[in-house]
Structure formats: structure tokens, C-alpha cells
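Take a look at the structure set out below.
To find a chain, count down the sequence lines: A is the first, B the second, and so on, and within it residues start at 1.
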2 protein chains.
Amino acid sequence: MSFRHIIAIMKKRNKTKFVILGLLTIAPLSGYGIKSLIDKSITYFWSESNGQIYPTLNLLLKEKLIILKERQSVGKKIRNIYTITKQGTIELKKWLNTLAEKNIHRDETLLKLFFGGASSIKESIKHLQTRKKEIEKNLKNYHLIQKMIQTQEDSPHNIYWLICLRNGLISAKADLKWCKESIKTLEEHKQ
Amino acid sequence: MSFRHIIAIMKKRNKTKFVILGLLTIAPLSGYGIKSLIDKSITYFWSESNGQIYPTLNLLLKEKLIILKERQSVGKKIRNIYTITKQGTIELKKWLNTLAEKNIHRDETLLKLFFGGASSIKESIKHLQTRKKEIEKNLKNYHLIQKMIQTQEDSPHNIYWLICLRNGLISAKADLKWCKESIKTLEEHKQ
DNA sequence: GATTACATGTAAGTTGTTACATGATTAA
DNA sequence: TTAATCATGTAACAACTTACATGTAATC
């Protein structure tokens, strides 16, 4: 036990806090609603689990960054709807205006391809084909989301949502191109 | 405390193990060598910290998937060089031939852009410009790595490394295009 | 009558990073 | 002589997932 262990270790940025605050600027939501919204919208670049959401919700309540707007109780069913507070929007804005940390992305498919020499061309092609299918599925979904955003009434969020969506579209298309090209390269190499 | 907590919870896939095994198929390496090689090669799609590498190295020794090939001792300096065992290559191959888990990628920049409506156009453009600079830096590095691989003698790894590199190049270019386009969109929206 | 969706929450784990300690060697 | 690089390792934490418990309400 040395000195360094006594002094406080650098606080980690709990991003779940800001994801929740951000979503509450769109509409008041329950914990369940937050999880569903994440899975329907930002899931392609961000995800959260219930084990993160519910405890964070209580933390935010304690810090007065959100408040319980409504507590529905039909029979024994409980439903908590939260709203962001003024202090909450201030904290969110502070974080939004802060430089993003360098994002560390981990891609298991690429890792397996990198070590392809220790396996076989056949297996590597299989990984690429699985990836290809996944991208094609995502692409279809992106198009659906795009229509949904474009047909809804104008909101200050729309421009930002379309930008994020466009990132998904462009990246997916590029990745797809790479898949096709790489499958071809490996197949030619086989002969 | 219920039954579910007594029965073993599903084992997690320790991917650090396979990263190390994979790198040892390229050459015998020390812990330090492994860390350096990761930072010079696969860092764009995979990273590991010393806190993961050294304990895993001892785990792999215990499981006999690697062996201590050489123990250099000049003065008091210690240096452990590890080699992969036959059993190690078998385990690696097993993992390589297994479907990759769906990769969850978390992108803080996109998250901040998604909530841009709670901040300002100016701040959102700033995030995009930071991203743009980062990609441009990466692109330069990709070109350097590409030359390095292409000028070195032919090895069974080359084709796979070039495929991974090409993913970096294609993705980076697509992302850069998106950055430029999005900056323009937001700037036009300002007026 | 069974399944799915709605709804909240936690225990127990795994995974991963950070910030050090320790000390040798090499280059400016 | 100072700084950087080489080299191994760990304590303390933060972050995150999984697999449940425990219900209600709606729908097929």
C-alpha cells in the first residue's frame, strides 16, 4: 500500500450519465423507455445495458440532474418517468462541448483476419462473408430509419440525426466494398 | 443469494489470450515486444494494456500454450522470450475458426453529434474537425505501413495484413468524406 | 393458455485501464 | 546527466455484461 493508492485515482468518465441526459432532452422517459430508444436509434454506435441504466438513473436523481416526473401505479405496476432538470442540461452541455476521448474500437473480425495465416483461406473467407451479410442487414435498416426521420415533422434534432445516420450509411458501404474486394483477393490467392 | 449465483456464471472469452498466441505465430516475443508490436500494427482495430498482457502471459504458461524460450540476463536485467507450443497453435486455430462475436463499437464523437441539438452548431463542427484531423493523421500512417509491408520479403502473413490495412484505408477515406460533407451541411444550416 | 412486451432492479462476475514500483541500458 | 527506451509486474479501481428475480398487461 503506497501513497499512490491513498490519493484518489483519476475519476473515470461515466458516459452512461450523459447518454441518459441526452435522451431526456428528446422526451421524458422511463428506464425501460431509455433502453428501448437506445436499441432503436444509437445502437449502431452506442449501447447500454440495464445493469448500467437503472443504477445511473438513481445516481442522476441524487445529483438532481433529473427528477421523477410521473409515477404511474396501475394496480401493482410501477412506472417511473424522468425529466431532465435545468442543472442536468447544463451538465450535459458541458460534456457535449468537451473533446471526445480517442475512441478505441475493437474489431474481432479484423483480428481474426490479421492472424489468417495461422488458419486457412477458407476460414478467412467465411469471416468476410459473415461480415458482408451483417452489413447488408444494417444497410437495409439504415434506409428504414432514414425514411422515418425524413417523414417526421421538423425538429432541431433532425439535422444531427441525419448526420449520424449518414455516417452509418457511408461507413457500411465502404466496409461492404472492402468485403467484396477482399473475398475476391483471397479466392484468387487460393488458385 | 439464489441458485443462479451458485452455479458458475458463463465463462467470458478472454481475447487477450488469442491476441498473444496470434502474435507469437509471427515471431517469439517478450511481453514488452508484444505490447510494442500491438501498438505498431493492430492498434487501429485492437489494443491491449500491460495490465492484461503480463498476467495473461503467466496464464498461458500455466496452460502450456506457450513456453519460455529464452531468459536473457545481462547484469540484473531480465528478459523473457516466449514461444507458442503445438497445443497453443491448436487452441489459436480453434478460436480463429470460430465466428466472431458481434462487435459493439462505441463512438463518443457520434454520440455527441447525435445530441448536438442540446448544444450548438459551432461545437458540433468542432467535433467534426477534430475527427477530420485524426483521420488524416491515420491515413498518412496507413500509407507508411503499406509501404513497409510491400517492401518486405514475401510471407504467408502479407496477404492478410494487406487486407486489414485496406480496411483501415477504405474506412478512413469514407469517414473523411463524411466529415467534410457534414461540416458543410452544418455550416450551411448556420446561415 | 401461452407468449411477448412492459417495467424495475440487483448480485456476481469479467474485462480493462491507470498509475504506479523497480531497475537496466542507450543515446543526446 | 538527463531523458528515453527497454523490461516486468501489480494494486486499485472503473466499466460493463449476464443472468436472473419479480411482477403486470396486452395480444395471439
Side-chain angles (χ1 to χ4, degrees), chain A residues 1-20 29-40 43 46-61 68 70-82 101-106 108, chain B residues 1-20 29-40 43 46-61 68 70-82 101-106 108:
Chain A
M1 189 71 170
S2 60
F3 185 67
R4 73 197 157 99
H5 294 130
I6 298 157
I7 56 165
I9 277 182
M10 274 278 278
K11 274 260 178 68
K12 275 281 183 68
R13 50 278 113 140
N14 189 347
K15 284 163 201 169
T16 310
K17 271 176 68 166
F18 302 108
V19 176
I20 293 176
L29 290 164
S30 64
Y32 187 90
I34 287 166
K35 176 76 171 114
S36 315
L37 190 48
I38 289 171
D39 293 344
K40 270 189 298 184
T43 189
W46 205 272
S47 64
E48 296 286 351
S49 65
N50 283 345
Q52 294 272 98
I53 291 170
Y54 287 101
T56 304
L57 233 23
N58 286 318
L59 187 79
L60 287 169
L61 264 182
L68 197 58
E70 206 178 309
R71 200 189 172 90
Q72 292 175 358
S73 246
V74 192
K76 258 191 171 181
K77 189 184 163 194
I78 322 159
R79 195 187 182 205
N80 304 324
I81 306 247
Y82 300 97
E101 290 171 59
K102 229 198 132 194
N103 84 73
I104 301 150
H105 98 272
R106 296 184 135 208
E108 197 184 327
Chain B
M1 189 72 169
S2 61
F3 185 66
R4 72 196 158 99
H5 293 131
I6 297 157
I7 54 163
I9 278 183
M10 275 278 277
K11 274 261 179 65
K12 275 282 185 64
R13 51 277 116 138
N14 188 347
K15 284 165 200 167
T16 309
K17 270 176 68 166
F18 302 109
V19 175
I20 293 176
L29 289 164
S30 64
Y32 187 89
I34 288 166
K35 175 75 171 114
S36 315
L37 189 49
I38 289 172
D39 293 342
K40 271 189 297 184
T43 189
W46 204 272
S47 65
E48 295 286 350
S49 65
N50 282 344
Q52 294 272 98
I53 292 169
Y54 286 101
T56 304
L57 234 21
N58 286 317
L59 187 78
L60 287 169
L61 264 183
L68 197 58
E70 206 179 311
R71 200 188 172 90
Q72 290 174 1
S73 246
V74 192
K76 260 192 168 177
K77 188 183 163 193
I78 323 159
R79 195 185 183 206
N80 304 323
I81 307 248
Y82 299 96
E101 289 173 59
K102 227 197 133 193
N103 84 73
I104 301 149
H105 100 271
R106 295 185 134 206
E108 198 183 327

Query raised in the report: In whole Å, what is the span from the OH atom of A/Tyr54 to the P atom of C/dA7?
Result: 9 Å

Report task. Please tell me if the side chains of B/Ile104 and B/Lys102 come closer than 4.5 Å, counting only heavy atoms from C-beta onward. Result -> no

**Report entry** Closest to side chain of B/Ser49, choosing from D/dT8, C/dT18, C/dT8
**Finding:** C/dT18

Report summary line: When rounded to whole Å, the CZ to P distance for the pair B/Arg106 and C/dT17 reads 14 Å

Query - Residue whose closest nucleotide on DNA chain D lies nearer the 5' end, B/Asn58 versus A/Ser47 - result: B/Asn58

Query raised in the report: How close or far is atom P of D/dC16 from atom NE2 of B/His105, stated in whole angstroms?
Result: 15 Å

Query raised in the report: According to the salt bridge (charged side-chain N to carboxylate O under 4.0 Å, His left out) rule, which pairs have a member within residues 52-61 of chain B, sequence neighbours left out?
Result: none

Query raised in the report: How long is the line joining CG of B/Leu60 and P of D/dG9, in whole Å?
Result: 13 Å

Report summary line: Of B/Thr56, B/Thr43, B/Thr16, the one forming a side chain to side chain donor-acceptor pair (under 3.5 Å) with B/Glu48 is B/Thr16

Query raised in the report: Can you list every pair that meets side chain to side chain donor-acceptor pair (under 3.5 Å) and has a residue in residues 31-40 of chain A, with sequence neighbours left out?
Result: A/Lys35-A/Asp39

Report summary line: Taking C/dT8, C/dT15, D/dT8 as options, the one with an atom nearest any side-chain atom of B/Asn14 is C/dT15

Query raised in the report: Could you state the CZ-C1' distance from B/Phe18 to C/dT15, rounded to the nearest angstrom?
Result: 15 Å

Query - Length of the NZ-C1' vector between B/Lys15 and D/dC16, whole Å - result: 13 Å

Requested in this report: Whole angstrom is fine here: how far is it from OH in A/Tyr32 over to P in D/dA26?
Outcome: 14 Å

Query - Length of the line joining B/Tyr82:OH and D/dT8:P, which is rounded to integer Å - result: 7 Å

Requested in this report: With the side chain of A/Asn50 defined as its heavy atoms from C-beta on, choose the nearest nucleotide among D/dT10, D/dA15, C/dT8.
Outcome: C/dT8

